[in-house]
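Have a look at the structure below before the remarks.
Just so you know, these numbers come straight off a predicted model, no measurement behind them. Note that these values count all heavy atoms, side chains included, but never hydrogens, waters or copies made by symmetry. A note on names: the letters A, B, ... follow the listed sequences, proteins ahead of strands, and every chain is numbered from 1.
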Protein chains: 2
Amino acid sequence: MGFAETFKALGDPVRREILVMLKFGKMSAGEIASKFDLTQASVSYHLSQLKKAELIRENKQKNFIYYELNASVFEEVMLWLSQFGGTQNEK
Amino acid sequence: MGFAETFKALGDPVRREILVMLKFGKMSAGEIASKFDLTQASVSYHLSQLKKAELIRENKQKNFIYYELNASVFEEVMLWLSQFGGTQNEK
DNA sequence: CGCCTATTTAGAAATATTTCTAAACAGATG
DNA sequence: CATCTGTTTAGAAATATTTCTAAATAGGCG
């Protein structure tokens, strides 16, 4: 799977904010970019990092590219983290 | 809390390996360093990053510094991740 | 086809991270 | 106290990441 890429992707505040935005539904690259004070090219770079980490999926329609969350990788990350006792078991 | 630091800390493979080692019990800085092909100074740097992220705690004894996991921050990270549907609910 | 519109790619500059070597520090011990 | 052991800190070099501007691509539309 590649935890390195996943955690690196999650390490950036812009990328975490993109993920939070996508919780409320899919958005096009342009819509996402408009929420940040960054060029579209920079936001495109962040989207590519999130996609590489498989935290989001893209889906082309007309000449828009829509992005949406990919819940399964979040699950895998949580599973990995749970090995450190991060649930409400012990204590 | 500071998810930026936490995820950045988790993004490095050496640091993830340190965390996995600490699952089996506390270890001194020297013991940890001996498991890597890196100088002690470099491993010390990684330990400082993990400590800054509060993923580990230190505990001095004699002239050794022992490191151990801090489960509570793992919990917070999992909680944050769960907002993205990363548990076995929906579907 | 020729041209919009939405988005990405390339390449460069700025910034941050990782690693090393050398030096410093802190506590125990002879 | 002088020194040894375990570890960190400082500073520099190597590498990676983030951002920008400018150019390229891709698909739909008149």
- Note on the structure: Applying side-chain contact (heavy atoms from CB on, under 4.5 Å) to A/T39 and not counting sequence neighbours gives A/A41, A/S42
- Task: Starting at OG1 of A/T6, measure out to CG of B/L81 and round the result to the nearest 0.5 Å.
- Result: 10.5 Å
- Note on the structure: Between the CD1 atom in A/I18 and the CG atom in A/D12, the distance rounded to the nearest 0.5 Å is 8.0 Å
Expressed as a whole number of angstroms, how long is the span from [X]:[atom1] to [N]:[atom2]?
{"X": "A/K8", "N": "C/dT18", "atom1": "NZ", "atom2": "C1'", "value": "11 Å"}
{"X": "A/K52", "N": "C/dT8", "atom1": "NZ", "atom2": "P", "value": "15 Å"}
{"X": "B/D12", "N": "C/dA16", "atom1": "CG", "atom2": "P", "value": "18 Å"}

- A/Y66 and A/F64 aromatic ring geometry - parallel, tilted or perpendicular at 30°/60° bounds: parallel
- Crowded around A/K23 NZ? As in, over 12 foreign heavy atoms under 6.0 Å? yes
- Task: I would like to know whether B/F74 and A/W80 meet ring pair (Phe, Tyr, Trp, His ring centres under 6.0 Å); could you show each step before the answer?
- Result: CA-CA 10 Å; B/F74 289 96; A/W80 185 83; 7.6 Å; no
- Do you see a donor-acceptor pair shorter than 3.5 Å between the side chains of B/N70 and B/E68? no
- Scan residues 28-47 of chain A against DNA chain C and write down, sorted by residue number, each residue with any heavy atom closer than 4.0 Å; if none is found, say none. A/S28, A/A29, A/G30, A/Q40, A/A41, A/S44
- Which residues, if any, of residues 56-69 of chain A bring a heavy atom under 4.0 Å of DNA chain C? A/N63, A/F64, A/I65, A/Y67
- Any chance you could pull the hydrophobic cluster mates of A/L79, using side-chain heavy atoms under 4.5 angstrom and chaining through other members? none
- Item | Those residues of residues 17-26 of chain A lying under 4.0 Å from DNA chain D by at least one heavy atom | none
Shortest non-hydrogen contact between [X] and [Y], atoms and distance:
{"X": "A/F3", "Y": "A/V77", "value": "CE2-CA, 4.1 Å"}
{"X": "B/I56", "Y": "B/K51", "value": "CG1-N, 3.7 Å"}
{"X": "B/A9", "Y": "B/L55", "value": "CB-CD1, 3.9 Å"}

- Note on the structure: Overall bend of the helix from C/dC1-D/dG30 to C/dG30-D/dC1 (five pairs an end, 10° steps) is 10°
- Query: What residue among A/Q40, A/M27, A/H46, A/K26 forms side chain to side chain contact (heavy atoms under 4.5 Å, CB included) with A/I32?
  - Reply: A/M27
- Query: Would you call B/E58-B/K60 a salt bridge at under 4.0 Å N-O?
  - Reply: yes
